[in-house]
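Quick note: numbers below take in every heavy atom, side chains included, and nothing from hydrogens, waters or symmetry partners.
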Amino acid sequence: MSGWNADTAAGPLEPGSVTLVEGSSFCISSRNGDIHPGLPHGVFHEDTRIVSGLNLTVNGEPVEPLTAKLKEPYRALFAGRVRSSDGHPDTPLIVERLREVGVGILERITVRNYSSVPAQCVVSVLVEADFADLFEVKEARFRRQWNQSREADSSGLTIRAMWHDIRKAVVVSGSGAEASPEGLTYDAVVPPHGVWSASLSVVPIGEEARSGGQFVRPDEDQVTPRDLRRQEWVARIPVLQMGNHSIERTLRRSYDDLGSLRIEDPAHPERIVVAAGAPWFMTLFGRDSLWASLMALPVDPSLAFGTLQTLADHQGSAVDAMSEEEPGKILHEVRFGVSSGLALGGKSAYYGSVDATPLFVALFGEVSRWGFAPESISALLPHVDRALSWIRNYGDRDGDGFVEYARLNDRGLINQGWKDSWDGINFADGRMAEPPIALCEVQAYVYGAYLARSWLAYDAGDFALAAEYRNLAEKLKAQFNEAFWLPERGYYAIALDGRKRPVDACASNMGHCLLFGIVDDDKAPLVAERLMSKEMFSGWGVRTLASDMEAYNPVSYHNGSVWPHDNAIIAAGLLRHGFKEHVQRISTALLEAAEYSDGRLPELFCGFSREHFDEPVPYPTACSPQAWAATTPIMLIKTLMGYYADVARGGLWMDPAFPESYGDLHITNAPMANGRITIDISGSHAKVTGMPPGMQFHQGIRPRATELAERAKGREGP
């Protein structure tokens, strides 16, 4: 996950913790629904913990957890029993808590009495709010001491806090409850074999009073704003049926998680972007949001375009060593409400990413094929050219043709590619690489960026500009294959270090190079062979680092673990070079791994071999749900469909390569240009109906003219 660093690593969540997500808000609690201040629990909104403690007791007794069921990404039902005061193990009182997260939380508490006599119950809910920064909670280092007041009246409990000139407040309310400075108390009599229920809410007030009405429902049958938002999302995304019901469940879970990770750009509410993941990255990230939205193109292309627009609005315009901002650079992450002493770079936006900028350009080229209005594409071209200017003037610091990084201050990220842990880039003998570091995959992204700009210029009739960027791409490809290829080992170096020496570890990064086409044709089979070797392929996916490398550790973050999104990119790259069986093997392994976590792929899991452990071993601090893990199943299926759309050239191509075990695939309501299409795949045969006017469906491999390199060179006309 982008933004992770060993010096600021979060501790593992409590086993069985439940995470609810809705936009820029999330809630983490224990299995009985309680929130414990001493753990990385809480209700968070825009990177501030507005609830740090929420503990429910009945007659002074805590609730023993029975089960916790996630009903939607933003709603869960907790069930538990009240311990008997006489010491008997069985109890007639069962407590249910139906919790929903939005800007705050709404909770419906229900007590069921299974005895034949009335039950007198004192239901108490103690509430704490420390207004801690997300980073303070993540690091368990609390730097701010708030002056806090707690006022109880007939409308509920109001908790206010002030630190210097910053003010925060929440209100805790519940009909029928008596408020005290500690929380709310309900006096209830539950009839024999009867039920008692009450609702409470905790919402921010003051500057965020606009959100206070979100949880008001005229009656119990009316849906909440979150339900409406989900219904609108479901109405515009594809509906799928698959012969393999396990894979179908995983894809549906991906759709749900992707929907819950959508956040609005406050300056442009019509734009929806993708947050990186829960719990610690519920905000816009450059690299993560770009990859996730692009991987989700067949589900909702507008997510990718909204992400590009929002990142363009935040594009660097000045040189700032602390935030690592530079003209034309695409940001690494944005944080809300985080004190300057804690955020990376000391500001709300941090730019310490070497790959977000070339990815912005390369993936803009992909988006431009999906039929957005020409004027919308044209409006982004100046930002594309500014990003390309950054690549050549700032990214390539020494003028050698490669883009490298070295952090500009001692508070920034040490490593600034997607493997951004402090020890993520190392030699085969375990030595860490010294900056400036030129990563192999970053050169591939730059190559893709040059080609994308070349064929955009070609399509616009600017043949001189098209030739300029085509030549830059060809020169970079030749340099790359000369400098990064290790002929005695049969794979590419992960990087060049500050002395231009190949960093010779065998890592998954070279799989990204396959996708962007920078790999020479004669080297691709050797790369594929190495990626699928027993040292790299665990049986659950391709490891980040080969098991015969000195730094290999199956429970490390980037040195031997398995990342689903990394594998999805590798699979797409392998298919580009015709290795269908490898793609099937990777896809099947990951989709089978999802079965062990209720259909949801985590951010990463440990790199133990499948022979060693017959289930994927969870990584303790993995984010879940996480954007590019949620979109991994979508990209895997898209890759196996051989799915290629080019609205500008009026074509949709498919060349299915599904394993027999996947069964038939039926998709309706799939977005295509300004219409919706229906897709049916059986074996290697595809059928598409409902194509928009002017577009044609083609069964088979897309023609060479639609390959990025061929389009850039303009060898064939449209």
Side-chain angles (χ1 to χ4, degrees), residues 13 16-35 41-51 54 67-79 96-109 134 170 199-204 208 210-217 220-237 252-264 269 272-283 292 296 299-300 303 336 597-600 602 623-627 629-631:
L13 299 177
S17 293
V18 178
T19 301
L20 304 179
V21 179
E22 173 63 9
S24 59
S25 301
F26 64 94
C27 173
I28 308 172
S29 69
S30 62
R31 285 187 68 245
N32 72 346
D34 282 352
I35 293 170
H41 284 183
V43 179
F44 296 80
H45 175 63
E46 292 188 346
D47 294 334
T48 296
R49 181 161 70 173
I50 61 173
V51 178
L54 193 73
T67 188
K69 175 67 175 177
L70 195 70
K71 301 179 76 66
E72 281 87 26
Y74 50 85
R75 182 184 291 124
L77 178 63
F78 303 87
E96 296 177 1
R97 305 167 74 172
L98 182 62
R99 176 176 297 163
E100 183 174 321
V101 66
V103 184
I105 59 168
L106 172 70
E107 186 161 308
R108 181 77 174 172
I109 303 169
L134 177 142
V170 294
S199 294
L200 69 84
S201 63
V202 186
V203 296
E208 297 171 286
R210 55 181 168 78
S211 63
Q214 279 205 9
F215 286 121
V216 176
R217 281 200 245 183
E220 287 299 312
D221 295 327
Q222 186 171 348
V223 296
T224 69
R226 281 147 301 285
D227 290 323
L228 289 172
R229 186 171 183 262
R230 182 175 184 273
Q231 289 172 7
E232 291 170 355
W233 163 249
V234 170
R236 74 168 190 261
I237 63 175
R252 291 180 184 274
R253 186 68 178 268
S254 293
Y255 287 3
D256 280 346
D257 286 342
L258 181 60
S260 71
L261 292 169
R262 294 172 302 139
I263 57 177
E264 294 178 358
I272 305 297
V273 301
V274 184
W280 309 119
F281 304 98
M282 291 304 299
T283 187
V299 173
D300 187 355
L303 291 176
F336 303 99
S597 50
D598 295 326
R600 172 189 281 168
C623 288
S624 184
Q626 196 257 5
T631 52

Engineer: Holding to side chain to side chain contact (heavy atoms under 4.5 Å, CB included), I want the full list of residues that pass it with L70, two or more places apart in sequence or in another chain.
Structural biologist: L20, A76, R253, R600

Engineer: Go through the structure and list residues passing side chain to side chain contact (heavy atoms under 4.5 Å, CB included) with A292, not counting sequence neighbours.
Structural biologist: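 For A292, the residues satisfying side chain to side chain contact (heavy atoms under 4.5 Å, CB included) (neighbours in sequence not counted) are V274, A627, W628, T631.
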
Engineer: Tell me, please, which residues at least two apart from R262 pass side-chain hydrogen bond (donor to acceptor under 3.5 Å, both in side chains).
Structural biologist: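 If we apply the side-chain hydrogen bond (donor to acceptor under 3.5 Å, both in side chains) test to R262, skipping adjacent residues, there are no hits.
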
Engineer: State whether a side-chain donor-acceptor pair under 3.5 Å links S29 with H41.
Structural biologist: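 Absent: no donor and acceptor within the cut-off.
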
Engineer: Who passes ring-ring contact (aromatic ring centres under 6.0 Å, His included) against F44, sequence neighbours left out?
Structural biologist: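 ring-ring contact (aromatic ring centres under 6.0 Å, His included) check on F44 returns F26.
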
Engineer: Test of understanding: with side-chain hydrogen bond (donor to acceptor under 3.5 Å, both in side chains), list the residues that count as partners of E107, not counting sequence neighbours.
Structural biologist: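 If we apply the side-chain hydrogen bond (donor to acceptor under 3.5 Å, both in side chains) test to E107, skipping adjacent residues, the hits are R97, R99.
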
Engineer: What residues, two or more places apart in sequence or in another chain, satisfy side-chain hydrogen bond (donor to acceptor under 3.5 Å, both in side chains) together with R230?
Structural biologist: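 So R230 forms a side-chain hydrogen bond (donor to acceptor under 3.5 Å, both in side chains) with D256.
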
Engineer: F78 versus D34: any side-chain heavy-atom pair under 4.5 Å?
Structural biologist: no

Engineer: Check this for me, if you would: do E22 and R229 make a salt bridge, where the nitrogen-to-carboxylate-oxygen distance has to be below 4.0 angstrom?
Structural biologist: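 Salt bridge flag = yes for R229 with E22.
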
Engineer: Please identify each residue that fulfils side-chain hydrogen bond (donor to acceptor under 3.5 Å, both in side chains) with Y74, with sequence neighbours left out.
Structural biologist: D227

Engineer: S254 side chain to A630 main-chain N or O, any donor-acceptor pair under 3.5 Å?
Structural biologist: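 A pair under 3.5 Å: yes.
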
Engineer: When you measure from the side chain of W233 to the backbone N and O of S260, does any donor-acceptor pair fall under 3.5 Å?
Structural biologist: no

